[in-house]
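What follows is a short report on a single structure.
Quick note: residue numbers are just sequence positions, from 1. Atoms within a ligand are numbered from 1 in the order they appear, just like the ligands themselves.
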Amino acid sequence: MKSLDQIVALAKRRGFVYQTAELYGGLNGVYDFGHLGVLLKQNIRAAWRQSIMATNSNILFLEGAILGPHAMWEASGHTQNFSDPLIDCTNCKRRFRADDIDTQKACLVCGKKAWTDIRQFQLMFETNLGAVADQSTTAYLRPETAQSIFVNFKNIMSTNRVKLPFGIAQIGKAFRNEITPKQFLFRMREFEQMELEWFCTSDQADEFFDLWVASRENFYTQIGINMDHIKLSQHEKSELSHYSSRTTDIEYEFPFGYKELEGIADRGTFDLTQHSKHSGKDLSVHDEATKQSYTPHVIECSVGVDRLFLTLLCDAYTQDTIGGEERTVLKLSPRMAPIKAAVLPLTKKLSEPARALYNELTKLGVMIEFDESGSIGKRYRRQDEIGTPICFTYDFDSKQDNSITVRDRDTTKQERISIDTAREYVMKILQR
Ligand code: ATP
């Protein structure tokens, strides 16, 4: 059984993720991403964009700002409703989310039963623009990317040739002052979301809701996640967010149990109606056929880049024994793997011709790594741990027979191929 600690250790050891400002003791719930982390994130974003576009070509993209004015977040209901119940232990001064605590029992940290009353804690980060601090200059770091889409709805419709139904998709940072950030990348204070808002008529809403749930489930199969660890969970009425009338979560079985990976919500006409009311601007669309105006209905699909990053690491992390030797291997699908292939000269004496092969492979436009130092076994194990699907080894025979050895990450089987076919080999691996 893999533990979260093992996954965190691998992510740190191999430079996927670093604690932000570690030199100064770190910042709780905030992380930096190293070289391999950046590459994995890029693959996640690219796969998401592709999957959204493959489902329906009627998709437009947006990149909204992180800062938004008070009026916008008041209209969306976030200033009033976007909070979590907070409780303190007056003895040890620790702070908890009240829904994580049984107040009939003692504090798990200090063993005393000294709870405060439960109060609501605003999750949005507030700041002021410019030198004057009053409500007109109050701004918030967005806690979800969705609102940029709603407030730009009119702009987007009037500057693009689209008709309903259509979608607006966005990838970007979101911020929540989570009371207890935990479980590594699962609950962070600064994170990234990939959100699609799908606009349709109210009588199409149920059909599109089901379609998007199926399409999003399919996405996880396509990026190689083991579907035995995925399940759908329907929100009870009491669990619904202030804007939603129906929500289905796609849950993944993390080492700490089944938890939400992605939420699909029926936001109805809530957001556009609110923004129209508060801004005084008409956000309805006109139907040429019926000659009537109506407010579009919205189905939302929302998943965190970082939470999916953690999911991929958890799902791919494998420990096995090959030839009597234990190893750790990240069995990521080649499409998601940060490095697609490594070129390893058997010794440094062979670096020059091996580098020529590496230079040739980099022309494919995918990430290839060249590693010439250390024993070949150690180099294989590093590539296994970072999920590289194949390694090409250039040895003393390579010059004579114009061949190299390819080693497969999952089986560790090796075969001899002609150097001239190395490019095709990489391309073929990426189709897997
Ligand atoms: P949770 O119940 O886990 O707090 P939520 O229902 O508040 O999540 P949504 O508002 O639906 O989350 O956000 C959509 C997606 O954004 C989530 O499914 C998750 O993938 C991601 N996400 C939300 N909050 C965080 C966070 N604090 N850290 C990392 N990812 C997050």
Side-chain angles (χ1 to χ4, degrees), residues 4 11 17 20 27-33 37 41 44-45 48 73 76-78 81-86 96-100 120-125 141-150 169-197 212-213 216-217 219-220 223 225 230-236 238-254 256-267 270-271 298-315:
L4 184 63
V17 180
T20 293
L27 200 54
N28 209 358
V30 189
Y31 292 92
D32 294 339
F33 290 81
K41 272 187 152 188
I44 290 173
R45 295 188 198 106
W48 183 81
W73 294 106
S76 67
H78 283 79
N81 298 317
F82 201 64
S83 54
D84 272 340
L86 172 78
F96 304 91
R97 257 176 83 150
D99 46 4
D100 286 342
Q120 290 302 315
F121 177 73
Q122 172 55 258
L123 296 179
M124 282 198 296
F125 286 100
L141 304 192
R142 61 181 178 188
E144 60 173 28
T145 61
Q147 295 304 323
S148 328
I149 294 179
F150 300 129
Q170 178 172 211
I171 301 179
K173 286 265 185 173
F175 300 80
R176 295 181 189 179
N177 198 3
E178 299 280 1
I179 298 169
T180 40
K182 58 184 173 189
Q183 285 137 348
F184 194 37
L185 307 180
F186 183 81
R187 191 170 301 288
M188 300 157 79
R189 289 186 167 133
E190 173 175 342
F191 57 100
E192 201 175 328
Q193 288 186 315
M194 302 184 283
E195 296 198 302
L196 168 75
E197 307 301 327
W212 279 110
V213 171
R216 302 305 304 142
E217 248 190 313
F219 168 67
Y220 296 108
I223 60 170
I225 300 227
I230 292 270
K231 72 170 190 199
L232 296 182
S233 150
Q234 201 94 15
H235 278 211
E236 298 294 330
S238 61
E239 296 173 305
L240 291 170
S241 311
H242 64 273
Y243 50 74
S244 175
S245 61
R246 179 184 175 196
T247 296
T248 295
D249 285 344
I250 298 181
E251 295 188 345
Y252 179 77
E253 191 178 16
F254 291 95
F256 40 89
Y258 271 105
K259 297 277 176 208
E260 171 180 340
L261 167 59
E262 170 158 1
I264 295 125
D266 182 337
R267 294 183 81 124
F270 177 83
D271 302 275
V298 176
I299 306 296
E300 171 184 85
C301 305
S302 174
V303 52
V305 175
D306 317 84
R307 205 174 274 186
L308 180 50
F309 187 112
L310 177 63
T311 305
L312 285 165
L313 291 189
C314 291
D315 205 59

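In this structure, Arg307 forms a cation-pi arrangement with Phe186, its terminal cationic atom sitting closer than 6.0 Å to the ring centre and no more than 45° off the ring axis.
The salt bridge (Lys or Arg N to Asp or Glu O under 4.0 Å) check on Asp271 picks up Arg267, with sequence neighbours excluded. Residues satisfying the side-chain hydrogen bond (donor to acceptor under 3.5 Å, both in side chains) criterion with Asn28, sequence neighbours excluded, are absent altogether. Residues satisfying the side-chain hydrogen bond (donor to acceptor under 3.5 Å, both in side chains) criterion with Arg142, sequence neighbours excluded, are Ser148, Gln170.
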Below 3.5 Å only, please: the N or O atoms of ligand 1 paired with protein N or O atoms, distance on each line.
from	atom 1	to	atom 2	distance (Å)
ligand 1	3 (O)	Arg187	NH2	3.2
ligand 1	3 (O)	Arg307	NH1	3.1
ligand 1	3 (O)	Arg307	NH2	3.1
ligand 1	4 (O)	Arg187	NH1	2.7
ligand 1	4 (O)	Arg187	NH2	3.4
ligand 1	6 (O)	Glu260	OE1	3.2
ligand 1	7 (O)	Arg176	NH1	3.1
ligand 1	10 (O)	Arg176	NH1	3.2
ligand 1	10 (O)	Arg176	NH2	2.9
ligand 1	11 (O)	Glu260	OE2	3.3
ligand 1	13 (O)	Gln193	NE2	3.4
ligand 1	16 (O)	Gln193	NE2	3.3
ligand 1	18 (O)	Glu260	OE2	2.6
ligand 1	18 (O)	Leu261	O	3.2
ligand 1	20 (O)	Leu261	O	2.8
ligand 1	20 (O)	Gly304	N	2.9
ligand 1	24 (N)	Arg176	NH1	3.4
ligand 1	27 (N)	Glu178	OE2	2.8
ligand 1	27 (N)	Met188	N	3.3
ligand 1	27 (N)	Met188	O	2.8
ligand 1	28 (N)	Phe186	O	3.3
ligand 1	28 (N)	Met188	N	2.9

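Checking Thr145 against Glu195 by side-chain atom types alone, a donor-acceptor pair falls below 3.5 Å.
Salt bridge Lys41/Asp306: present, at least one basic N to carboxylate O contact under 4.0 Å.
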